[in-house]
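We're numbering straight along the sequence, starting at 1. Just so you know, these numbers come straight off a predicted model, no measurement behind them.
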Amino acid sequence: MSYDKREEDVVTNLSNNTHIDHIVEEALANPNRRRLMASGAAGAAALSFMGLTGCGGSDSPSAPAPAPVAPPAGPVKATALGFPAIAKSLADTVTVPPGYQASVLIRGGDPINAATPAFLNDGTDSAASAAFRAGDHHDGMHFFGMTTTGAYDPNASDRGILCINHEAITPNFLHPNGVTSVAGVRTVNEEVLKELNVHGVSIVEVARSGNSWSYVRNSVYNRRITTNTDMILSGPAAGTPFMVTRYSANGTRTRGTVNNCANGYTPWGTYLTCEENYAGYFRRITATDNVNRTPKELANFNRNGVAGTGREGWATAIATDPNDTTFSRWNAEKLGNSTDGSDDFRNVANTFGWIVEIDPFNTTSAPRKRTAMGRFAHEGAWPAKAVAGQPLVWYMGDDSRGEYIYKYVSDANWDPADATRGLAAGDKYLDAGKLYVARFNADGTGDWLELRFGNGPVVSTYAPYAFANQADVLINARHAADALGATKMDRPEWGAVDPFTSSVYMTLTNNNSTLRTLASTDAANPRFYNDPRTNGTAQRGNPNGHIIRWIEVASNSAALQFGWDIFLFGARATQDTRTVNLSGLTAANDFSSPDGLWFGRNGILWIQTDDGAYTDVTNCMLLAAIPGGVRDGATVTVANVDGTNTKNVTTYVGAQLGETRLRRFLVGPKDCEITGLAESADGKALFVNIQHPGEETSAAAFAARTFNSNWPNGGTSRPLSATIVITRTDGGVIGV
């Protein structure tokens with residue numbers, strides 16, 4: 001998600017959950033915990049004590065000898081990066097290393113059928129046509145290989161279906177003269193309808209010819225999923241009173257998906273799109289609505305941020321037909337007289353914030369919102385390796401400062417015979433399972449805590465929120481996680497699972513000094529510092545973010561304990577290597593605000609940034625890393641300082657990679673976020689999204705038609721989000 005939009009997010013985690021530093025006394029009093037907290041070789045022994053396996057090589061003399069792990073059949077793990085690091089850049093272009101080429105595959109507005117005309121990109125393209133064009137703000141995506149007969153084949157590389165999320169919009173760019181609004185009321189319905197249609201997901205067929213890629217404009221697989229698409233509510237929360245709306249009196253359906261940020265996929269060839277900061281789209285004026293709501297409803301709204309005028313003001317538009325709820329459904333106020341909400345949209349926010357499963361190969365299928373996987377600001381859902389006879393696991397981040405990391409474990413064990421069953425397989429594995437939240441202990445261990453009605457404080461007498469049943473727990477997963485004492489993190493975003501070690505990596509993009517204070521630093525979020533911009537403007541807290549990783553006990557993804565360390569710390573290369581630049585970054589690989597992650601089949605970890613802290617020096621970027629394994633580095637005590645106050649925090653830092661194992665691969669155009677990663681099965685094509693270039697264009701500059709960026713079309717054109725495809729000029733595998 002764009003950096004500036006983040007600043008608009010309402011932080012709703014006001015729980016008093018114990019931070020890791022407060023667990024230290026308990027750990028010191030417990031003999032087992034105490035031995036796990038030992039540094040150096042003793043810290044390594046802690047992982048052995050827990051039965052953790054899957055660690056990679058070590059660059060540290062004090063690190064343990066890694067447990068051998070046999071790589072899976074197929075690709076060989078990369079041992080070196082085969083490109084030179086590129087320099088930081090503020091240019092309005094996409095830069096890649098020599099020997100590589102980046103071409104635009106599909107832009108926002110490009111038609112996805114033969115009947116829709118070419119995109120004019122001047123704001124005059126109709127709202128109706130937007131339902132048949134690629135949407136805006138390209139984000140998470142996945143490539144589904146396809147055979148010549150149209151069947152899903154994860155090993156196919158020359159033809160496939162690309163599913164692309166569209167997170168948000170830059171509103172002015174969509175309309176001839178920007179957004180029309182009078183006293184906060186949207187008065188041009190055509191504008192609102194267009195905005196509704198450019199959100200959601202694009203599904204397009206793509207094909208390779210030689211070393212070039214294109215999207216197939218007239219493919220029968222092409223379609224759009226938008227805010228207007230009918231969707232099935234599935235799983236434990238479906239059909240409950242919490243889901244009743246005027247659209248679905250029995251609470252089994254809803255309309256549309258919004259703020260689709262990161263993504264996931266399944267072993268049966270379906271796409272998981274994730275609803276992130278959905279809450280801000282709904283109108284709910286607290287001054288007038290609160291008096292009509294129960295204490296439970298208010299606790300739900302407050303914890304999930306459902307309050308305000310609505311970020312785009314869609315609910316203020318008025319349909320010409322009083323029975324048309326296209327706009328009124330974005331109003332979450334209690335306006336009707338029913339006791340159950342069947343005559344208004346008072347419950348509509350409960351039908352958003354889910355993981356949505358889409359079958360890209362079945363064009364007539366309705367997407368399903370999988371409520372067993374919990375409701376929060378889903379950044380994505382990243383699968384562990386599917387193993388026959390074992391449960392399936394997905395890891396998830398709640399993308400807001402001070403929120404949590406979750407995982408879902410299916411009740412059913414994986415049967416490879418289900419690999420061709422599409423959404424029916426989803427019904428089996430994604431509608432029944434256990435939802436967990438992570439607690440990162442100060443000793444380098446961690447625990448998965450089950451969000452289950454009746455588990456500890458997750459009961460009807462819990463003071464902040466009186467849970468009624470399991471459906472209530474899943475709808476209010478944040479409250480349940482608060483109750484269980486999960487660890488507040490520095491904005492959990494994308495995750496990725498190492499195909500060779502099963503270690504899990506997750507970006508913690510950044511935090512500010514209001515939430516990540518000196519006092520609240522802990523082992524998993526250990527830094528408080530100032531990263532001043534080149535003009536001297538202070539940036540305090542953890543403005544550069546970091547990447548945490550963990551390995552489950554015995555490399556079993558369904559395990560309830562894990563060991564962790566911090567893989568990389570974002571920092572300017574010029575920062576102090578003892579307190580800020582703990583990963584020893586140089587000019588060839590320094591970065592800030594890690595966001596997107598993707599493991600290639602050869603074990604290269606791709607890291608994308610969504611930054612506002614380092615943009616005085618460089619545009620956002622993509623880096624490549626060859627990681628080792630959990631606890632391959634050292635135990636470090638970070639000396640944090642805030643004025644005259646100090647706090648030392650002990651943490652676990654991954655081995656420094658140096659320029660040989662971590663390099664900058666791409667830098668994007670002005671004001672963009674680099675996001676979304678996918679690759680062809682043969683590793684010879686890397687798909688990357690360039691989101692919202694030129695987003696910082698001011699209203700005055702827009703009026704003068706002088707945009708911060710003119711990418712990708714150049715000249716004086718309005719900038720566009722787009723998907724690019726990167727290939728080697730010699731047709732080889734990317735990165736090696």
Tell me if a side-chain donor or acceptor on [X] pairs with a main-chain N or O of [Y] at a distance below 3.5 Å.
X	Y	answer
Asn689	Gln691	no
Thr507	Asp595	yes
Asn277	Asn259	no
Arg133	Gly109	yes
Ser219	Val216	no
Glu190	Ala127	yes
Asn619	Gly668	yes
Glu275	Trp354	yes
Lys88	Arg664	no
Arg728	Val736	yes

How far apart are the closest heavy atoms of [X] and [Y], and which atoms are they?
X	Y	result
Ala91	Ser89	N-OG, 3.0 Å
Ser202	Ala134	OG-CA, 3.5 Å
Pro543	Ala613	O-CB, 3.7 Å
Phe143	Ala678	N-CB, 3.8 Å
His692	Ser721	N-OG, 2.9 Å
Ala722	Val104	CB-CG1, 4.1 Å

Fill in: From Asn713, Thr723, Asn121, residue fulfilling side chain to side chain donor-acceptor pair (under 3.5 Å) relative to Arg107
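It is Asn713; the other options fail the test.
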
Worksheet item: Testing Asp590, Asp531, Asn544 for side chain to side chain donor-acceptor pair (under 3.5 Å) with Tyr614, which one passes?
Response: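 Of Asp590, Asp531, Asn544, side chain to side chain donor-acceptor pair (under 3.5 Å) with Tyr614 is met by Asp590 alone.
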
Side-chain heavy-atom pair [X], [Y] within 4.5 angstrom cut-off:
X	Y	value
Asn260	Asp139	no
Glu379	Thr509	no
Arg549	Asp498	no
His137	Val198	no
Leu666	Val94	yes
Pro383	Val497	no
Phe687	Met141	yes
Gln608	Trp598	no

Worksheet entry | Carboxylate-amine/guanidinium proximity below 4.0 Å for Arg601 and Asp682 |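 No salt bridge links Arg601 with Asp682.
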
Discussion item. Between Arg572 and Asp616 (salt bridge meaning N to carboxylate O under 4.0 Å), is one present in this structure?
Written reply: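 A salt bridge links Arg572 with Asp616.
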
Roughly how far, to the nearest 0.5 Å, is the [atom2] atom of [Y] from the [atom1] atom of [X]?
X	Y	atom1	atom2	answer
Ile161	Tyr221	CD1	OH	6.0 Å
Ser698	Asn708	OG	CG	7.0 Å
Leu720	Phe173	CG	CZ	9.0 Å
Leu196	Thr226	CG	OG1	7.5 Å
Lys194	Leu174	NZ	CG	6.5 Å
Asn172	Glu695	CG	CD	11.0 Å

Practice prompt. Taking atom types as modelled, find out whether Asp671 and Ser709 have a side-chain donor-acceptor pair closer than 3.5 angstrom.
Written response: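 Absent: no donor and acceptor within the cut-off.
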
Discussion item. Under a 3.5 Å cutoff, is there a donor and acceptor pairing between the side chains of Asn581 and Tyr529?
Written reply: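 Absent: no donor and acceptor within the cut-off.
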
Discussion item. Is the terminal nitrogen or CZ of Arg705 (NZ for Lys, CZ for Arg) located under 6.0 angstrom from the six-membered ring centre of Phe702 and within 45° of that ring's axis?
Written reply: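 Arg705 over Phe702 ring: yes.
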
Item to complete: Verify side chain to side chain donor-acceptor pair (under 3.5 Å) between Asn165 and Thr273, making sure each step is shown before the conclusion.
Response: CA-CA 7 Å; Asn165 283 354; Thr273 184; 2.7 Å; yes

Discussion item. Per the ring-ring contact (aromatic ring centres under 6.0 Å, His included) rule, what does the pair list look like for residues 99-128, sequence neighbours excluded?
Written reply: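 Output for this query lists Tyr100-Phe665.
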
Worksheet entry | Check against side chain to side chain contact (heavy atoms under 4.5 Å, CB included), Leu81 and Phe83 | CA-CA 6 Å; Leu81 297 173; Phe83 61 89; 4.1 Å; yes

Item to complete: Decide if the gap between the ring center of Phe144 and the ring center of Tyr265 is smaller than 6.0 angstrom.
Response: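 Centroid distance Phe144-Tyr265: not below 6.0 Å, so no.
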
Worksheet item: Of the options Arg527, Arg516, Arg401, which is the one that meets Asp490 in a salt bridge (charged side-chain N to carboxylate O under 4.0 Å, His left out)?
Response: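 The option that passes is Arg516.
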
Discussion item. One pair to check against side chain to side chain contact (heavy atoms under 4.5 Å, CB included): Thr727 and Arg208. What are the steps and the verdict?
Written reply: CA-CA 11 Å; Thr727 56; Arg208 174 164 56 191; over 6 Å; no

Worksheet entry | Sole residue of Trp330, Phe352, Tyr281 in ring-ring contact (aromatic ring centres under 6.0 Å, His included) with His199 |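 In the set Trp330, Phe352, Tyr281, the residue that makes a ring-ring contact (aromatic ring centres under 6.0 Å, His included) with His199 is Tyr281.
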
Practice prompt. Show your reasoning for whether side chain to side chain contact (heavy atoms under 4.5 Å, CB included) applies to Glu205 and Asn222.
Written response: CA-CA 6 Å; Glu205 181 181 345; Asn222 293 354; 4.0 Å; yes

Worksheet item: In terms of ring plane angle, is the pair Trp494 and Trp382 parallel, tilted or perpendicular, where the classes change at 30° and 60°?
Response: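 Tilted, since the angle between the ring planes falls between 30° and 60°.
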
Worksheet entry | Verdict with reasoning, Asn218 to Asn113, per side chain to side chain contact (heavy atoms under 4.5 Å, CB included) | CA-CA 5 Å; Asn218 61 348; Asn113 61 24; over 6 Å; no

